[in-house]
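Structure record follows, encoded as structure tokens.
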Number of protein chains: 2
Amino acid sequence: MARLTGRNTGTAPRSIDVARLAGVSQKTVSRVMNGEQYVSDDVRRRVLEAADALGYRLNHAARALASGRTQTIGVVTLGTALYGPASLLMGVERAVRDTGYALRVVNTMEGDAAGIAGAVDSLLDQGVDGIVISEPIDEEGGANLSVRVDVPVLILGAPPPFAASRVVTAGLVSHQLAQAVTEHLLELGHTTVHHLAGPQRWYAARDRLEGWRATLAAHGRREPPVIEGDWSAASGYAAGRRLAADDSVTAVFAANDDMAIGLIRALLEVGRRVPEDISVVGLDDIPVAAYVTPPLTTVRQPFDATAQDGLKLLVHAIENPDADPVPVDNPPVNLVVRESTAPPPNRTTPERRRTTD
Amino acid sequence: MARLTGRNTGTAPRSIDVARLAGVSQKTVSRVMNGEQYVSDDVRRRVLEAADALGYRLNHAARALASGRTQTIGVVTLGTALYGPASLLMGVERAVRDTGYALRVVNTMEGDAAGIAGAVDSLLDQGVDGIVISEPIDEEGGANLSVRVDVPVLILGAPPPFAASRVVTAGLVSHQLAQAVTEHLLELGHTTVHHLAGPQRWYAARDRLEGWRATLAAHGRREPPVIEGDWSAASGYAAGRRLAADDSVTAVFAANDDMAIGLIRALLEVGRRVPEDISVVGLDDIPVAAYVTPPLTTVRQPFDATAQDGLKLLVHAIENPDADPVPVDNPPVNLVVRESTAPPPNRTTPERRRTTD
DNA sequence: CTGAAAGCGCTAACAC
DNA sequence: GTGTTAGCGCTTTCAG
């Protein structure tokens, strides 16, 4: 194809076109577009006007090729609409937006053989300056990432599962959330607290379990057997059926709200009242939590704060390859006490209280 | 497993390195990497082996620059973890994955001045071969996209709000979903059905309202005044308070499950039973819908099917610039009848009206 | 402060 | 079937 140096019919304008119109060199256009210093205000204005007149749009592919930087961050998520992961993803998008980077997304399905390693690999393949791994789960020891990753990595909601050149983390708060829940229940007077855990391949699920366990131990309470669910309301329902059969259960901490809701449903179906007979607490504070019956006591997860803090670290690591990671504070724990928790029933003198809701 | 040695450390293997190792020309490597024809099996194997040995990774930026195609699709979503939009996004990711394209994501916040146009613009800026707009909302007539869009666009869940060179749509089923719900309620014997609509800036909300309205009209029923919510359980709750004051209400169709749940909560609080006094239906079939009290009757949205169908169209449009768009079938409507719907209560006065239909 | 030259790693067109 | 020759549109030296 011949050089279309003079005309650009149907072709997007290039920086050289802008340069000609503004009467400067192409390099100067580049300087202006990148907001570099050492450009006189007059030249800058002329370039900007010319660019605007032409409808100039910087070609990112060319920039990436020449500079080796893509100005995009890749995120690996679970391919699920679960409230937690979805909220985190949205938080990440917002946070990335603020940093001026673009966002690429790749999902890992649960049970995906390639798992996180495959997703990271494909991101590296597409070209990203940094990677966010959101809520990783261990897929068959998939934690060992055999890919060499030489861009900074942010792990959200789990400690570094593998060694990469520069890894930062954020959102390691499940432990505290679980502690807050457990203590709330203990303070109400419950002798102990049962736990309906999330799938243990998830770090978040393990961390919540540990937080619960540690809190119980700290208060010298007996640790009841753990029931493991899969985050779904259906699994909560199944767990509720089992728990309802045990008269000693007076308080249950479900690792997320969906399971808590399923659990409550099962309890109600067999005639156990919540919270009069059994208190139930969830975790997440999903949008409907305040409107189920009874309104659910739960802890809110700080998704946006986590995403923002994490991205700040990641971008810092990208742009300052040699600097040390700056630690961020953990966001405050936000326990939302509603009506699914109450003191344990008085066994000797059952309180007969009528509630219409 | 691939290894990455460093993007511009001078050590990143390029196609020419692979070519040298395999003893072929660089162009041949390119042919092999792109799966082109006319490469002997022997050469292909040698190239692949050399690439693997070197840990070669194709440079997408260079490819994009040279070919003008990015092999990525951009998606514009609402920056919300609402079940509907989040599910659609996940569906899109999965579908995009299957097509071999990569995915870029940009959010539009509600109330964002730049709105969809800005998001599309930024996507165009980053370089994409096609664009998916998921559940657009009208932001102050933001429908007029002043940007020139010269890549195919897929609109999910709404008709084309603007003129672009090639626009395809999918997921226009809200109307039918609303119809299914309304008819279900009518068939149970309700004289009419009230509607708690979604925010009318959303096409999905308008379409549901239209579906409900048309169905009522088709059955010759009176159309009660519409209450508008904002998708949230809180707005459903507020609507429930108002509706509960009206004795004539026996059936309500809420435009999504969250609002339905809030609505039910409000009804229960003032002593109106669901479904004995009032039937309530939602829309979405969120994960907890089956476990709230009472279990919610709702219609499931075909997110995955919509995303897949839509992406098929989009990719077709991308790869066949001149072909006509192929229409796809609408997925079947999936009404899930649970326990929040029942025949209307028996009035003390049998003012039962005969309907001939 | 500004400009000229030299690629970044790949694909496209056309030879062979 | 395979190689050769040009660029894609930008950023990078390095001059002035």
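- Put simply, the side chain of Lys27(A) and the base of dA4(C) share no donor and acceptor less than 3.5 Å apart.
- Side-chain N or O atoms of Asn34(A) include none that pairs as donor or acceptor with a backbone N or O of Glu36(A) at under 3.5 Å.
- In the set dT2(C), dT2(D), dC10(C), dT2(C) carries the atom at the smallest distance from any side-chain atom of Val43(A).
- Following rounding to the nearest Å, Leu65(B) (CG) and dG7(C) (P) show an atom-to-atom distance of 17 Å.
- At the heavy-atom level, Gln37(B) lies nowhere under 4.0 Å from the strands shown.
- Not one side-chain nitrogen or oxygen of Tyr38(B) sits closer than 4.0 Å to the OP1 or OP2 atom of dG3(D).
- In terms of polar N and O atoms assigned as donor or acceptor, the side chain of Arg44(B) never comes within less than 3.5 Å of the base of dG1(D) in a complementary pairing.
- Closest approach to the Ala66(B) side chain among dT2(D), dG9(C), dT11(D) is made by dG9(C) (side chain taken as heavy atoms from C-beta onward).
- A salt bridge links Asp121(B) with Arg57(A); the closest basic N to acidic carboxylate O contact falls under 4.0 Å.
- Between Arg63(A) atom CZ and dG7(C) atom C1' the separation is 18 Å, expressed in whole Å.
- Between Ile16(A) and Thr28(B), the residue anchored nearer the 5' end of DNA chain D, judged by the nucleotide with its closest heavy atom, is Thr28(B).
- For the pair Arg20(B) CZ and dG3(D) C1', the interatomic distance rounds to 15 Å; values are reported in whole Å.
- The interatomic distance linking Leu58(A) (CG) with dG9(D) (P) rounds to 12 Å, in whole Å.
- Atom CG in Asn34(B) sits roughly 18 Å away from atom P in dG1(D) (whole-Å rounding).
- Two residues are said to be in side-chain contact when any heavy atoms from C-beta on lie closer than 4.5 Å; Leu54(B) and Leu21(B) meet this criterion.
- Rounded to whole angstrom, the span from the CZ atom of Arg14(A) across to the P atom of dG7(D) amounts to 12 Å.
- The base of dG3(C) sits within donor-acceptor range of the side chain of Arg31(A), with an N or O pair under 3.5 Å.
- A straight line from CD of Gln126(A) to P of dG9(C) spans 19 Å, rounded to a whole angstrom.
- Set against dT2(D), dT2(C), dG9(D), the side chain of Val39(B) has dT2(D) as its closest nucleotide.
- Checking side-chain atoms of Arg94(B) against main-chain N and O of Gly79(A) turns up a donor-acceptor pair under 3.5 Å.
- A sub-4.0 Å separation between OP1 or OP2 of dT11(D) and a side-chain N or O of Ser30(A) is present.
- Contact annotation: Ser25(B) does not reach the phosphate of dT2(D) (side-chain N/O to OP1 or OP2, under 4.0 Å).
- Rounded to whole Å, atom C1' of dC10(C) lies 13 Å from atom CD of Gln71(B).
- Within a 6.0 Å radius of NZ in Lys312(B), other residues, nucleotides and ligands contribute 12 heavy atoms or fewer.
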